[in-house]
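Remember, predicted model here, so these are calculated numbers, not experimental data.
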Amino acid sequence: MGKAVRNDLHGLDISHKELQKLTNLPVKDELIIISNPLRKFAQRILEKIKGSEGATVVFISCSIFVFSYLLFDLILKLFATWMSIPSWVLLIILCLWGGGVTQIVLYLLWWKKLKVINQNMTNALEILLNDVDRYNAVIKAIDINDQIEAAGNPGVVIQERERVIAALKLTRTDLVRALKTERILRENKNFILRNTELFANNLATLTAMQVTEEATEHGRLLNEALQIALDVQLEMKRLQTQA
């Protein structure tokens, strides 16, 4: 969300870390491409160079680079005198080789996590994860709308904001409860299947709760929240057209 997020939106979204804790699965993990963090680091260095600390950043960066190269060259001269390749060429080769090995390790770890998810994925969990994405998208839309309003566009103010936030809080509670319930059922599936008569009443109660909640005030408020999210999108498109 935006940096200047309003207080009533703080803690409403279901974060990546929280989602993994609720499901006990490495869900939503993306493959780390080693060039991406390096690119971000380089961008941060360039931004600082352009700022007031530019000279200091350049001096420190060059000092670290030169010291690292001299240290590497000294190690080669002491322990690898038989090497005929120039030290700077060998340093480049080692950096590329190290980057390649690191990327392979990252891929294998990501593939292992993906395999765990596929082995434990259920229809209920897949639906809940999609619901979490939709829920977080609504909060993101409201946050963007707040930023547009703060930029000097009072016409996009959200009407009955308190009711919308109340609906989102209820929705968050239901999603967390559903994710916890799904995890319990998934992790104890074999035992439940072997002892279905022990859980017949509980499962019937859960089903009744789901049917009842569809017609509650919460459901109506959530529909209003989703409708406002759509209105936010339409308003943003209108502003983009005017710009």
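Using a 4.5 Å heavy-atom threshold, the side chains of Tyr135 and Leu175 count as touching. Contact of the Leu25 side chain with the Leu19 side chain is not registered, since no non-hydrogen atoms from C-beta on lie closer than 4.5 Å. Side-chain contact between Asp13 and Lys140: absent, with no pair of heavy atoms (C-beta onward) separated by less than 4.5 Å. Glu182 is not listed as a side-chain neighbour of Leu22, based on a closest heavy-atom distance of 4.5 Å or more. Looking only at side-chain heavy atoms (C-beta outward), Leu70 and Leu74 stay at 4.5 Å or farther from each other. Contact of the Ile104 side chain with the Val101 side chain is not registered, since no non-hydrogen atoms from C-beta on lie closer than 4.5 Å. Residues Leu185 and Thr122 form no side-chain contact, since every pair of their non-hydrogen atoms from C-beta on lies 4.5 Å or further apart. Considering only heavy atoms from C-beta on, Leu106 stays 4.5 Å or farther from Ile33 through its side chain.
Both Leu91 and Ile93 sit in one connected hydrophobic cluster of ILVMFWY residues. Membership requires side-chain heavy atoms under 4.5 Å apart, directly or through other members. Tracing side-chain contacts under 4.5 Å through hydrophobic residues (I, L, V, M, F, W, Y), one never reaches Val105 starting from Tyr107; they form parts of separate clusters. Residues Ile92 and Trp97 are members of separate hydrophobic clusters, defined by side-chain heavy-atom contacts under 4.5 angstrom among Ile, Leu, Val, Met, Phe, Trp and Tyr.
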- Task: Show your working on side-chain contact (heavy atoms from CB on, under 4.5 Å) between Thr23 and Asn120 and close with a plain yes or no.
- Result: CA-CA 10 Å; Thr23 60; Asn120 291 275; over 6 Å; no

- Message: Is there a side-chain contact (heavy atoms from CB on, under 4.5 Å) between Leu179 and Glu18? Walk through the geometry before answering.
- Response: CA-CA 11 Å; Leu179 287 167; Glu18 183 180 7; over 6 Å; no

- Task: Apply the test side-chain contact (heavy atoms from CB on, under 4.5 Å) to residues Ile32 and Trp110: give CA-CA distance (whole Å), side-chain angles for both, the deciding distance (0.1 Å), then the verdict.
- Result: CA-CA 8 Å; Ile32 299 175; Trp110 173 78; over 6 Å; no

- Message: Could you walk me through whether Arg134 and Asp131 satisfy the side-chain contact (heavy atoms from CB on, under 4.5 Å) test, starting with their C-alpha distance in whole Å, then the side-chain angles of each, then the deciding distance to 0.1 Å, before giving a yes or no?
- Response: CA-CA 5 Å; Arg134 291 175 61 241; Asp131 287 342; 3.7 Å; yes

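Remark: Ile139 CD1 to Ile144 CD1 distance equals 12.5 Å, nearest 0.5 Å. One distance of note links CG of Asn136 with CG of Asp143; it measures 12.0 Å at 0.5 Å rounding. One distance of note links CG of Leu168 with CG of Leu12; it measures 6.0 Å at 0.5 Å rounding.
Using a distance-only test at 3.5 Å, with no hydrogens or angles considered, no donor-acceptor pair links the side chain of Arg177 to the main chain of Arg172. A distance-only check finds no donor-acceptor pair linking the side chain of Asp73 to the backbone of Tyr69 [under 3.5 Å]. Of the possible donor and acceptor atoms, one in the side chain of Asn188 sits under 3.5 Å from a partner among the backbone N and O of Ile184.
Ion pair Lys113/Glu30 not flagged as a salt bridge, since none of the NZ, NE, NH1 or NH2 atoms sits closer than 4.0 Å to an Asp/Glu carboxylate oxygen. Under the 4.0 Å criterion applied to side-chain N and carboxylate O atoms, Asp133 and Lys28 are assigned as salt-bridge partners.
Of all heavy-atom pairs between Gln20 and Val27, the closest is NE2-O, 3.1 Å. Nearest approach of Ile117 to Pro26, heavy atoms of both residues: CD1-O, 3.0 Å. When all heavy atoms are compared, the tightest approach of Asp29 to His16 is OD1-CE1, 3.1 Å. In this structure, Glu126 and Met121 approach most closely via the heavy-atom pair N-SD, 3.7 Å.
For CG of Asn36, the number of neighbouring non-hydrogen atoms (other residues, nucleotides, ligands) closer than 6.0 Å is greater than 12. A 6.0 Å sphere centred on CG of Leu94 holds more than 12 heavy atoms belonging to other residues, nucleotides or ligands.
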